[in-house]
There are 2 protein chains.
Amino acid sequence: MSTSRGARQPTIKEVAGLAGVSPMTVSRTLAGGRNVRPDVQERVMAAVRELGYYRNENARSLRPGQPSGLVGVAITNLANPYYGNFALGVEEVAAEHGRRIILGNSGEDAGRERQLVSDFIGRQVDGLILVPTSGDAEHLRPERLGEVPLVLASRRVPGLEVDTVLLDDVGGSYRGTVSLLEAGHTRIGFLGNRSSVFTGARRYAGYERAMLEGGAPIDPAIVARDQQDVAAASRAARAMLELPDPPTAIFSANNRNTIGALREIGRRIRDGLPGPHPAVVSFDDFELSELMPVPVTIIDHDAQLLGREAARLLFARLDGSADEAARTVELPVSIEFP
Amino acid sequence: MSTSRGARQPTIKEVAGLAGVSPMTVSRTLAGGRNVRPDVQERVMAAVRELGYYRNENARSLRPGQPSGLVGVAITNLANPYYGNFALGVEEVAAEHGRRIILGNSGEDAGRERQLVSDFIGRQVDGLILVPTSGDAEHLRPERLGEVPLVLASRRVPGLEVDTVLLDDVGGSYRGTVSLLEAGHTRIGFLGNRSSVFTGARRYAGYERAMLEGGAPIDPAIVARDQQDVAAASRAARAMLELPDPPTAIFSANNRNTIGALREIGRRIRDGLPGPHPAVVSFDDFELSELMPVPVTIIDHDAQLLGREAARLLFARLDGSADEAARTVELPVSIEFP
DNA sequence: CTTGCGATTGGTAACGTTACCAACCTACCG
DNA sequence: CGGTAGGTTGGTAACGTTACCAATCGCAAG
């Protein structure tokens, strides 16, 4: 009787034996069949099917210069739907180029990122796509990466001149803040990341510029710049909304902070606290934003497109432009009014 | 002058040469250093650092029986945040076991899934974790997979006896529907997937049982079972809400359908159409559900936990229980009232 | 019938690593 | 001081594949 467990993977030699040809002929057939007689190809393919043979891609890429067909991708936070979409964009373009992605979650930890990159290189990835952490980036220096091209997404790393895909963080934040000023708000709170996070600095810069140009004072009491998760964002929003002079609007520099702020605003509405409740501008879209109890303006962008663009830069470099200078693509954002 | 591009990856021989030892000693040092003199280990590690050497994991796993340290993961839709969290759960547990994941998006296409699995096996993955598509599953039969263990998540495949992690779809849907009946609703619409999708069938079964037991008639006019995306779900919701006798509540069997339904309800509220607007029960959580303009009951579960559990089953099988019968874990769901 | 050319096929070596075995060295015991 | 055990090191072969070259085949032209 046959057991439920299958057998060892067959090798090319066994296929060759069954088909009555040499391993070379099997290899050639699988590589497209150039200079192999059609009837021989038939026999080989029959043997392949019969044995359930899969070419060993690792052995294949052992030969130097042979691409492994793998792209290493490290993300800071896969739980964030934004990065899920980013990964999907990378995956799609990689698949179009016949590549797979190896995915790792760095969790904003530079040490973990370093491990991931080591492992990726050890697996002979053809390229790396990272959303870099804000920590030490010694492990990303060109001399450490050898010939493996690197593309950064979302964030730049100081001193590292590599292909990079960014969003128009400054412009988007500026325009978002301006829309609040134009609506008559002058007391506008800020929720975001600290300056050491690349996007944190850029998005604050856009807010700051709009406020300065609009003649609106920036009150440190309603600027909170160190929330990484929803719970912390809620607490920060609560603190500023409980002030004697709370902000009339809140600029939120990312997804997590927006959710946190809206959760707090929702709680205040449910608890019957007196309004008016603050308007919100959010850098990053989220589903059903149009159903929120306060008007939410979205600074929208396409994470999947960001991923696709990062992958395109990588494959452009793999397909020839190896020696050209590093390129930066800055993707536009759009503003969606409530 | 030094160019910005790094050099070829050094091999173990070059490290050995620089350290003045044999490749074997380098290999042993990197494998933990058993039976290598400490001063020699020092010299080896210095050479490793100097040259920027990374062990070639592909060559390493060439030897049969050696694990590759890779787990192949295929997801039906990575854009869905639910699956992003699933992937994260798998990634975390895999990382705890020193493994990486290779990720592919099948997009509900069985052919694409087959390609992904072929590629994964060709890369000598230690195991596979799939959210299977509903199509032909010939490529998942044990004789096709050889020795590679497979874990299914979210959905079962008919006729395939392998380790599986499921949600309590039937129970959750039943309890969710009962909560609507208890609130006095009898005309309850259904939005979900068709029966050929495993969860589509199970979640409908829970709804059906609750309706039958509650003596509420099931009207085919308010049962829509073929929406894969948000736009289709919106259209289906619109169709049933425009009936002369619209449902007073809607049971939505997943994330995408919930968003679609709520978008349509929001539109009707904004357009000033007369209510009452339907209550919603949603299988799958989403952020800020508590801020919706109609009460939303959530049948909640933890996608990340589902991923972790799937990975645990896989590693349990890799770590010994290879010959035991297939196990199924059914994770509970919780009901969150508005 | 010979020659030559292109198409087809096979043998060998190499990719980078580690298991296995053999050789060596050291130190301690008798 | 010889013997031996254990710790340390190196050589060889093999993992599965494909590039390169050599060999063979078929066929058409002379």
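In this text, all values refer to a predicted model and were calculated from it rather than measured experimentally. Chain letters run A, B, ... following the sequence lines, proteins first and then strands; every chain starts at 1.
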Distance, rounded to the nearest Å, where B/M24 contributes CE and D/dA13 contributes P: 15 Å
Any A/Q66 side-chain N or O less than 4.0 Å from OP1/OP2 of D/dA19: yes
Atom-to-atom span, CD of B/Q9 to P of C/dC15 - whole angstrom: 16 Å
N or O in side chain of B/S27 less than 4.0 angstrom from C/dT18 OP1/OP2: yes
A/T164 side chain vs A/R156 backbone, donor-acceptor pair below 3.5 Å: no
B/E92-B/Q304 side chain donor-acceptor pair, cut-off 3.5 Å: yes
Sugar-phosphate, base or nothing in reach of A/N56, heavy atoms under 4.0 Å: sugar-phosphate
d(CD, A/E57; P, D/dT18) in whole Å: 8 Å
Under 4.0 angstrom between A/T25 side-chain N/O and C/dT8 OP1 or OP2: no
Atom-to-atom span, CG of A/D39 to P of C/dT9 - whole angstrom: 7 Å
Atom pair distance, as rounded to whole Å: OH in A/Y54 and P in D/dC15: 22 Å
Side-chain N or O of A/R55 closer than 4.0 Å to phosphate OP1/OP2 of D/dT18: yes
Along DNA chain D (nearest heavy atom to each residue), the more 5'-positioned of B/G20 and B/A59: B/G20
B/T25 side chain to B/V21 backbone, donor-acceptor under 3.5 Å: no
d(NZ, A/K13; P, C/dG11) in whole Å: 12 Å
Residues B/E91 and A/R112 bridged, charged N to O under 4.0 Å: yes
Distance-only donor-acceptor test, A/R63 side-chain atoms vs D/dT18 base atoms, 3.5 Å: yes
OP1 or OP2 of D/dT17 under 4.0 Å from side-chain N/O of A/Y53: yes
Integer-rounded Å distance: C/dT17 C1' and B/E14 CD: 14 Å
Closest heavy-atom pair and its distance - B/S61, B/P67: CB-O, 3.7 Å
Working for salt bridge (charged side-chain N to carboxylate O under 4.0 Å, His left out), residues A/R63 and A/E57: CA-CA 11 Å; A/R63 181 170 295 277; A/E57 298 292 332; over 6 Å; no
Under 3.5 Å donor-acceptor, B/R308 side chain and B/A303 backbone: no
Interatomic distance where CZ belongs to A/R43 and P belongs to C/dT9 [whole Å]: 8 Å
B/V71 backbone acceptor or donor facing B/D126 side chain under 3.5 Å: no
Sugar-phosphate, base or nothing in reach of A/R28, heavy atoms under 4.0 Å: base
Residue-phosphate contact under 4.0 Å: B/T11 side-chain N/O, C/dG16 OP1/OP2: no
Minimum-distance nucleotide (side-chain atoms of B/R37 versus D/dG11, D/dT9, D/dT17): D/dT9
Estimated bend of the helix from C/dC1-D/dG30 to C/dG30-D/dC1 (axis per five terminal pairs, rounded to 10 degrees): 50°
